[in-house]
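Okay, so here's the structure we're looking at.
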Amino acid sequence: MPAARPSKLLGVGINLALRLVIVGVVADALLQPDAARYAGKGIGTRGLVLVAASMVIPALWWFRARRPYPIWTDSLYLSVFALDMAGNFLDLYDRYLYFDLIPHAHGTGAVTVVLSRIAPIGVLGATGVAQAAHILLEAQEYYSDVIFGLRNVRGPWDTINDLLAGLVGSAVYGGAYAVLRRRRQPRRCR
């Protein structure tokens, strides 16, 4: 049996670490729902949704039976949730006014790349889908604050800045991915 390549082992290690961060923070939020860093954010409930969402790529792989497993794509996808959960665990959202711009930019950018890799829609189509999903996320944050009395949105400026950060994230990540993909394609002789 051949030995696993170092990059594959690193990929598996990073993937498992990201999954542990997500599950660990959700468990912490469920065990300490009154901790100041989680208060009024619905982290326990949101975290359970994120745990389920973190299984999208494994489920797609299982049903499509693609080989080999897209470990790096899955890790990029998981990094969206792990960054959000770690930001809450470390109380970065409350300590730093504009910290949430980082997860919004990274999340939307990462989703753009992941969609480009797993769906036949290209970078531009993936950017559109990522932006639409981000708009729905922002609407969910706003309405969960209004309906359930949570405190995820600080005002209209926060929502607008989050959407702009997501747009920048999609442009930077999508652009970088398109350039890398183009460089990896074999050149045609003319």
Hphob cluster co-occupancy, [X] + [Y], side-chain heavy atoms under 4.5 angstrom:
X	Y	value
M55	L16	no
V51	I43	yes
Y173	L167	no
V113	Y69	yes
V25	L92	yes

Fill in: Residues, nucleotides or ligands: over 12 heavy atoms within 6.0 Å of Y142 OH
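It does not: Y142 OH has 12 such atoms or fewer within range.
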Worksheet item: Heavy-atom count around L164 CG within 6.0 Å, excluding the residue itself: above 12?
Response: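 Correct, the count exceeds 12.
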How many angstroms lie between [atom1] in [X] and [atom2] in [Y], if you round to the nearest 0.5 Å?
X	Y	atom1	atom2	value
R46	F81	CZ	CZ	11.0 Å
N15	S75	CG	OG	4.0 Å
R117	I57	CZ	CD1	9.5 Å
L90	R95	CG	CZ	7.0 Å
D162	I135	CG	CD1	12.5 Å
E141	N152	CD	CG	5.5 Å

Discussion item. Looking at D145 and R154, is any side-chain nitrogen of the basic one under 4.0 Å from a carboxylate oxygen of the acidic one?
Written reply: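 Here R154 does not pair with D145 in a salt bridge, since their nearest N and O are not under 4.0 Å apart.
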Worksheet item: Among side-chain atoms of Y93 and D84, is any donor-acceptor pair under 3.5 angstrom?
Response: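 The answer is yes; a qualifying pair exists.
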Discussion item. Pairing donors with acceptors under 3.5 angstrom, does anything connect the side chains of Q131 and S170?
Written reply: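 The answer is yes; a qualifying pair exists.
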Item to complete: Return the set of residues passing salt bridge (Lys or Arg N to Asp or Glu O under 4.0 Å) with D74 (not counting sequence neighbours), or none when no residue passes.
Response: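 R19.
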What are the two closest non-hydrogen atoms of [X] and [Y], and how far apart are they?
X	Y	value
V123	A178	CG2-CB, 4.0 Å
A36	D94	O-OD2, 4.1 Å
P103	L83	CA-CD2, 3.7 Å
A86	V21	CB-CG1, 4.4 Å
L101	A165	O-CB, 3.6 Å
S116	G122	OG-O, 3.7 Å

Practice prompt. Please work out whether the ring planes of W157 and Y98 are parallel, tilted or perpendicular, with thresholds of 30° and 60°.
Written response: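 Rings of W157 and Y98: perpendicular, as their planes differ by over 60°.
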Practice prompt. Please answer whether the main-chain N or O of G40 pairs with a side-chain N or O of R151 as donor and acceptor at a distance below 3.5 Å.
Written response: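 No, because the side chain of R151 does not come within donor-acceptor range (under 3.5 Å) of the backbone of G40.
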